[in-house]
Amino acid sequence: MRSQAYKLLVLDDSFLMQTVRNAFYFVCGMCALFLLWSWVSHATLNEIPGVAKTWEVFKALYADAFYFNPENAADEGIGWKLWDSIQRVLLGFTLGTIVAVPLGMIMGSNKMLMNILNPVVQILRPVSPLVWFILGQIALKSSPGALIFMIFITSLWPTLINTSFGVASIPDDHKNVGKAFGFSTWKYVTKIAIPFAMPHIITGLRLSIGIAWMVIFAGEMLSGDSGIGSFAWESYNGGNYENILSALLIIGFVGVMLDKGFSALQQSFAYDKK
Amino acid sequence: METKVLNNATVDMQNVDIKPSIIIDNVSVTFDTAKGEYTAIKNISLNIKKGEIVSLIGHSGCGKSTLMNTISGMVIPTSGSVVANGNVVKGPGPDRGIVFQNYSLLPWLSVYQNIFQAVDSVMKGKSKEEKKELVLKNLEMVNLMAHKDKNPNQLSGGMKQRVAIARAFAINPSILLLDEPFGALDALTKSSMHVELLKLWNLDNRNKTIVMVTHDIDEAIFLSDRVVVMNNGPAATIKEIVDVKIVRPRNKKDITHDPLYIETKERLTGLLFDKFSIND
Ligand SMILES: Nc1ncnc2c1ncn2[C@@H]1O[C@H](COP(=O)(O)OP(=O)(O)OP(=O)(O)O)[C@@H](O)[C@H]1O
Ligand SMILES: [Mg+2]
């Protein structure tokens, strides 16, 4: 008992030390960032607002985050704008996932389909998200629709590629189990293919949501439809550069949160490390 | 009177009708490797009767697993053919239960689930309760009840092997293919697994055909009706087939004193080690 308690204590201690160390590194990184920022601000003769000025504006934005004007829908707090962007990203990302995962699994399990679809994917993948936005606008005649379409397309590729790679690399040992015990296609997919490919699929999702979140900003700047991107664009036109930097910080923070979420999901599916 | 005669006739018919369970006909297997073609086994023919227990022995890398895999359908012969249960083997199937040399458990499923999924897939007519019972019964047999919720990576090599055995037994196949099934087990566990294997075989009125790869001569003699000794590769062939005439049921302790046993063991040892001079 005593030795166990002792062990726990040591474990706790090292865990604590680790947390402290990580917090220290984080602070160091942030300091470096703020220093660089201050320098840029100084070098541009404060055209790019400095840390202190931005912080003031950020605080004001934060205080009114969920303000809204019932008379004017466009007149709303930064929280609502952010929520608009998040909703678009989640919707587009979900649609992308619904298409990319099954398609990736089919591609991964069928060599012929892989050979047919792979060049198509390779050609479409590098196309700028803004091109998809424009095409969406032309086809759907709705800019919110076009935004979601853009997110849908851009969050397709990483998931598709990673899923198909995961499924294509299922070892013969696992496939043989399915063969030897006469697994139905359904059982093979749910008990062998998906569990094996899961870490790859989640890696794909993690990359996809990262790209989607990066791209929404530009899309909204172009479309002018609410959201954090159009907020930045309006601020630019109005000369409120502190707003842009505040938006940048918010985008960064939400991006980290999304990534952390998927990273946690990834951990929970790492069956071989359990 | 008439019925009785008829019955006898049917029985006789069945006896006459006994077909070989496995027909290996002039099978060769050539692998394409980076360094060119490699012929693992060449022109092997072997008939195995229904209900027979046959062991394959030979030096490591001679092609035992390859020959075994042509029966399981994991390897398709480059030439020749294998017929199992009256059908040409074109791929694996649940009529041939396999214990893979490397266990082949699914790492994301628990011990219980690894067996259950196989049972669920093969025993389509059974209810969920019956399947569950079957899984538990087989887990009991390999003495793994306490570990049924563990994942394979939490098991020792011998435990994994027992899960693989339970899985193959649970689907009750007419042909059991065991590739070094007891290799990772200690002598005691091994003995009890031998008993379980024979129990299973007796339970089914000795109708199950069992083919087993082993490196253990004692094990081969204790369990088998025939021991197939293979030559070294490449292009390995059957060197000799040794009949084990010791009557069943065999007793593990007494058998070692049986003159037939001693003779068979000497024969097999001679066949396996004739290349080396054993002076010491
Ligand atoms: N898929 C493969 N591709 C190429 N060569 C192979 C393949 N499988 C087996 N071989 C070769 O065939 C030969 C026989 O292999 P096999 O696995 O049948 O041996 P084994 O008798 O089962 O050996 P062990 O007792 O060590 O399990 C070996 O030389 C091996 O390298
Ligand atoms: Mg082998």
Side-chain angles (χ1 to χ4, degrees), chain A residues 4 7 11 101-102 104-105 108-112 162-206 262-274, chain B residues 65 68-69 71-76 84 89-110 112-124 131 135 149-155 160 163-164 166-173 175-179:
Chain A
Q4 238 174 14
K7 255 189 202 156
L11 215 88
V101 171
M105 296 203 60
S109 52
N110 185 320
K111 275 230 172 66
M112 193 181 78
N162 278 281
T163 305
S164 63
F165 172 77
V167 171
S169 57
I170 299 174
D172 281 341
D173 270 359
H174 296 336
K175 289 187 195 163
N176 285 344
V177 172
K179 283 188 203 157
F181 297 98
F183 279 21
S184 61
T185 308
W186 175 247
K187 205 183 258 306
Y188 178 77
V189 169
T190 56
K191 301 296 175 196
I192 297 178
I194 291 185
F196 180 83
M198 205 46 150
H200 298 276
I201 295 174
I202 295 172
T203 302
L205 294 180
R206 191 175 167 188
F262 276 92
S263 155
L265 199 64
Q266 218 165 14
Q267 293 293 317
S268 72
F269 275 101
Y271 54 83
D272 44 348
K273 289 187 200 82
K274 252 185 229 164
Chain B
S65 294
M68 186 82 140
N69 286 342
I71 308 173
S72 68
M74 299 292 174
V75 170
I76 300 299
V89 173
K90 296 210 174 82
D95 59 324
R96 284 152 286 142
I98 310 168
V99 174
F100 298 93
Q101 187 168 5
N102 51 7
Y103 324 133
S104 287
L105 304 176
L106 298 174
W108 42 83
L109 296 182
S110 67
Y112 176 89
Q113 279 296 326
N114 260 289
I115 303 172
F116 181 83
Q117 292 306 333
V119 169
D120 186 46
S121 164
V122 176
M123 307 275 181
K124 293 210 172 64
K131 290 174 191 166
V135 176
D149 296 319
K150 286 190 178 163
N151 273 22
N153 58 341
Q154 296 169 299
L155 303 180
K160 284 183 205 163
V163 180
R167 181 175 62 181
F169 282 19
I171 63 165
N172 197 26
I175 296 176
L176 257 176
L177 304 172
L178 314 173
D179 197 344

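Chain naming here is simple, since letters A, B, ... match the order of the sequence lines and numbering starts at 1 in each.
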- Query: Side chains of A/F181 and B/I171: does their closest heavy-atom pair fall under 4.5 Å?
  - Reply: yes
- Would you say A/F262 has more than 12 foreign heavy atoms packed within less than 6.0 Å of its CZ? yes
- Heavy-atom distance under 4.5 Å between the side chains of B/S121 and A/F183, does that happen here? yes
- Task: Under 4.5 Å heavy-atom distance to chain A, tell me which part of B/S72 shows up: side chain, backbone, both or neither.
- Result: neither
- Query: Between atom CD1 of A/I192 and atom CD of B/Q117, what is the distance when rounded to the nearest 0.5 Å?
  - Reply: 9.0 Å
- Item | Point-to-point distance, once rounded to the nearest 0.5 Å, from CG of B/N69 to CG of A/N176 | 8.0 Å
- Message: Pair B/M74, A/D172 - check side-chain contact (heavy atoms from CB on, under 4.5 Å), show working.
- Response: CA-CA 10 Å; B/M74 299 292 174; A/D172 281 341; over 6 Å; no
- Message: So for B/I98, is it side chain, backbone, both, or neither that comes closer than 4.5 Å to the heavy atoms of chain A?
- Response: both
- If we only count heavy atoms from C-beta on, is the A/V177 to B/R167 side-chain gap below 4.5 Å? yes
- Bottom line for B/N114: the part with an atom under 4.5 Å from chain A's heavy atoms is neither
- Item | Portion of B/Y103 that has a non-hydrogen atom of chain A nearer than 4.5 angstrom | neither
- Item | Among the listed options B/L106, B/V119, B/V122, the residue most often paired with chain A at heavy-atom distances under 4.5 Å | B/L106
- Message: Using only atom types and a distance under 3.5 Å, with no angle test, would you say the side chain of B/W108 pairs donor to acceptor with the backbone of A/K191?
- Response: yes
- Query: Can you say whether B/L177 sits under 4.5 Å from chain A via the side chain, the backbone, both, or neither, judging by heavy atoms?
  - Reply: neither
